[in-house]
There are 2 protein chains.
Amino acid sequence: MQITLKDIARMADVAESTVSRALNDKPGVGRETKLKILKIAKENNYRPNQLARGLAAKKTNMLAVIMAEMDSPGNIEIVKSIEKAAEKQGYQIILCNTNNQEEKEKSYLSLLESNQVDGAIFIGGKLVGSHLLRASFSQENAIVLVNRLAEENFFTSVLTDYSQGIYRAVEHLGKQGFKKIALVCGDKDDLIEEEKISGYKKALSDAGLELNDDLIFSTAADRQAGYDVFLEIIEGDVIPDAFISTRELTTIGLVEAIKMGGYFIPDDFAVVGYGDNNLTSVIDPPLTVLSEPVEKLGQYSLEFLLKLIKEEMDSQQIKVLTPELIIRESSISKYN
Amino acid sequence: MQITLKDIARMADVAESTVSRALNDKPGVGRETKLKILKIAKENNYRPNQLARGLAAKKTNMLAVIMAEMDSPGNIEIVKSIEKAAEKQGYQIILCNTNNQEEKEKSYLSLLESNQVDGAIFIGGKLVGSHLLRASFSQENAIVLVNRLAEENFFTSVLTDYSQGIYRAVEHLGKQGFKKIALVCGDKDDLIEEEKISGYKKALSDAGLELNDDLIFSTAADRQAGYDVFLEIIEGDVIPDAFISTRELTTIGLVEAIKMGGYFIPDDFAVVGYGDNNLTSVIDPPLTVLSEPVEKLGQYSLEFLLKLIKEEMDSQQIKVLTPELIIRESSISKYN
DNA sequence: CAAAGTTTCGCAAGCGCTTGCGTAAATTCC
DNA sequence: GGAATTTACGCAAGCGCTTGCGAAACTTTG
């Protein structure tokens with residue numbers, strides 16, 4: 001059996017409450033007593049039962065980060081940034097991977113509902129809001145959304161300005177002389193994807209380029225999808241001369257397919273990818289990418305979450321961060 | 001305020017115990033009553049407080065996966081495999097990233113000690129055992145180690161046979177005619193790394209190749225380290241003609257450096273990497289790798305953990321899995 | 001139809017901790 | 001040196017749930 005507060009109290013010959021106060025560094029315990037208690041606790045390798053503690057205190061100092069895709073290196077970076085910030089504030093982070101399954105999202109949500117964590121940050125996931133919003137807890141619980149749009153501005157969010165990012169990518173490709181720029185994004189119903197498409201369209205228009213809806217492709221977010229979409233594209237009617245691929249893994253697959261097909265980047269197809277991860281600079285040629293402000297996404301989301309928890313802020317705060325376009329060889333036209 | 005068991009009990013006009021039993025599908029509740037309770041609970045969107053539940057029942061149906069490196073795609077795959085298996089068994093997984101910090105490892109360990117999770121799987125991490133072993137809880141708690149050697153065979157473990165893997169890699173390179181095969185691994189004091197080195201040495205000897213200790217390089221496990229070590233190597237006295245790089249990110253960095261230096265793979269340097277991830281096949285040329293049995297590592301570790309929890313097994317079980325050598329262009333000699 | 005068995009349910013203790021409140025002891029003040 | 005504070009500590013309730021036990025209601029038997 002685990003050793004408990006009560007045991008320590010008995011050994012130190014004081015009341016449980018005193019032990020509790022001593023251990024939690026709360027006032028109302030004499031110096032002598034406190035030292036004695038701490039000593040005994042240490043000697044006996046006492047570990048408070050966090051469940052009981054959480055139950056009684058109604059807080060756990062733990063935060064959940066619930067992410068839709070663990071494969072995406074960018075998301076990992078966001079998590080690391082959150083962890084770093086959380087550590088400073090004395091919070092522990094637990095990660096939950098939903099694999100884009102709504103089912104799992106709900107189940108992890110129960111961590112929040114049942115007070116096992118004091119707050120939660122959602123990273124990505126397109127199953128936006130619907131059930132979240134409906135659920136009553138939404139008002140009472142501390143939730144921050146990262147890169148995830150809800151229908152209503154209901155939740156505090158930290159967002160990457162995809163529209164702006166894509167706009168710049170198109171602009172850049174336009175200047176390089178590319179005419180038929182394809183956009184490879186996700187499900188068009190998704191709000192985030194709509195954003196991307198809107199930036200894309202606006203940029204095309206501003207650059208005086210023709211818009212062709214057939215050059216907008218929706219795929220899943222994995223590598224295979226990127227591979228497959230290229231095969232589909234070269235079979236199609238309109239062959240692009242440049243790609244903007246807006247998810248990390250999809251980009252890898254796309255590049256892979258282009259090379260497997262015997263084509264050259266950027267000579268046959270220019271490519272602008274998404275997310276400046278470990279891969280992009282190793283790929284041949286080095287990839288031009290929209291670099292997500294991962295560090296800041298993490299920092300802001302944690303900052304907001306803590307404020308929500310401490311009730312120093314009300315909901316609906318929204319922060320938008322702009323991705324940076326990092327230009328490498330994959331998008332530089334040889335005719336330039 | 002959250003709605004509680006007591007509230008439901010009042011509404012249904014039954015005792016709390018009855019509600020508890022109904023909700024948990026335990027016998028002793030009439031069909032009628034049960035239906036009524038379930039209905040009311042649903043209508044009121046009742047969520048049991050898992051803290052209280054865990055406290056009372058002494059189990060939480062949650063497992064922790066504590067990993068040393070979140071960047072490594074192979075580890076992510078292991079986690080996903082664990083999650084998949086856990087889901088079938090009705091367990092929830094929470095992830096904890098230690099970033100190789102012993103400090104954090106301890107702190108996450110408290111999840112176990114304080115009964116917030118029923119068991120824990122450690123993935124990687126070189127800060128082997130020391131404090132774990134000493135701590136008294138080790139006997140009582142369900143812990144499984146993945147790819148992590150402890151000094152004593154104290155914990156149930158699932159391991160990749162690095163020695164065997166490296167052996168095959170050397171053998172392969174030897175057959176291809178490479179003579180000066182360098183090994184890029186981690187800290188030599190680490191048991192896991194000792195394993196790798198032993199496989200390396202044995203293979204060299206069996207292949208009739210000369211062993212040169214100067215061809216064994218210890219680096220950190222990140223990409224930068226891989227990059228740097230190459231720069232160091234080409235400045236050195238003995239220039240290898242092939243590399244075996246035993247960590248995923250390090251391999252990326254190494255390849256990057258080789259290419260940046262204007263060298264060609266495999267003509268100037270053959271490369272055998274580690275971990276068959278999203279990157280390896282996109283790299284130019286496609287990388288020969290030792291592929292970790294990630295799926296199985298996950299499956300076995302979860303299986304063992306559940307057995308430990310259910311006390312169907314005692315500790316010290318060890319399972320060793322062999323990595324597969326996937327041969328691609330990066331290690332094929334042009335003179336062959 | 002009474003005895004025996006079975007079901008259904010409530011009572012109450014308890015999981016390990018926190019915290020408001022009250023009292024005894026130690027400290028301060030004039 | 002006694003009243004007024006302040007400090008140190010214990011008491012006990014309570015966090016929301018589970019579970020062993022016993023009582024009441026119901027069903028089955030010969």
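Side-chain atoms are counted along with the backbone in the values below, which use heavy atoms only and exclude waters and symmetry mates.
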Starting from P on C:dC17, measure out to CG on A:Asn115 and report it in whole angstrom.
18 Å
Between D:dC11, C:dC9, D:dG16, spot the one nearest the side chain of A:Arg21, thanks.
D:dC11
Can a side chain N or O of A:Arg53 be found less than 4.0 Å away from OP1 or OP2 on C:dT18?
yes
Any chance you could measure A:Asn44, atom CG, to A:Lys39, atom NZ, to the nearest 0.5 Å?
10.0 Å
Atom of A:Asn115, atom of A:Thr60 and distance for their closest heavy-atom approach
O-CG2, 3.3 Å
If you draw a 6.0 Å radius around NZ in A:Lys42, do more than 12 non-hydrogen atoms from other residues or ligands fall strictly inside?
no
Sidechain N-carboxylate O distance under 4.0 Å for B:Lys36, B:Asp13
no
With the side chain of B:Ala15 defined as its heavy atoms from C-beta on, choose the nearest nucleotide among D:dA8, C:dG10, C:dC17.
C:dG10
Name the nucleic acid region contacted by B:Gln50, choosing base, sugar-phosphate or nothing; use a 4.0 angstrom heavy-atom cut-off, strictly under.
nothing
When the distance from CD1 of A:Ile3 to C1' of C:dC15 is rounded to whole Å, what number comes out?
16 Å
Which nucleotide wins on minimum distance to the side chain of A:Ser20, given the candidates D:dG10, D:dC17, C:dT18?
C:dT18
Atom NZ of A:Lys26 and atom P of D:dG10: how far apart are they, to the nearest Å?
17 Å
For D:dT19, does either OP1 or OP2 sit under 4.0 Å from a side-chain N or O belonging to B:Ser17?
no
Take B:Pro48 and A:Gly28, find for each the nucleotide of DNA chain D with the closest heavy atom, and name the residue whose nucleotide sits nearer the 5' end.
A:Gly28
Considering only heavy side-chain atoms of A:Ala56, the closest of D:dT18, D:dG16, D:dG14 is D:dG14
A:Tyr46 side-chain N/O to C:dG16 phosphate OP1/OP2 under 4.0 Å
no
Does C:dG14 have its OP1 or OP2 closer than 4.0 Å to a side-chain nitrogen or oxygen of B:Lys58?
no
Would you classify A:Asp13 as touching base, sugar-phosphate or nothing, given that sugar-phosphate means primed atoms plus P, OP1 and OP2, and contacts are heavy atoms under 4.0 Å?
sugar-phosphate
Atom-pair distance (NZ on B:Lys6; C1' on C:dC11), nearest Å:
14 Å
To the nearest angstrom, the CD1-C1' distance between A:Ile8 and C:dT18 comes to 16 Å
Is A:Lys88 salt-bridged to A:Glu303, cutoff N-O under 4.0 Å?
no
To the nearest angstrom, how far is B:Leu51 atom CG from D:dT18 atom C1'?
15 Å
CG of B:Asn24 versus P of D:dT18: gap in Å, rounded?
5 Å
Using whole Å, what does the distance between atom P of nucleotide C:dT18 and atom CG of A:Asp25 come to?
12 Å
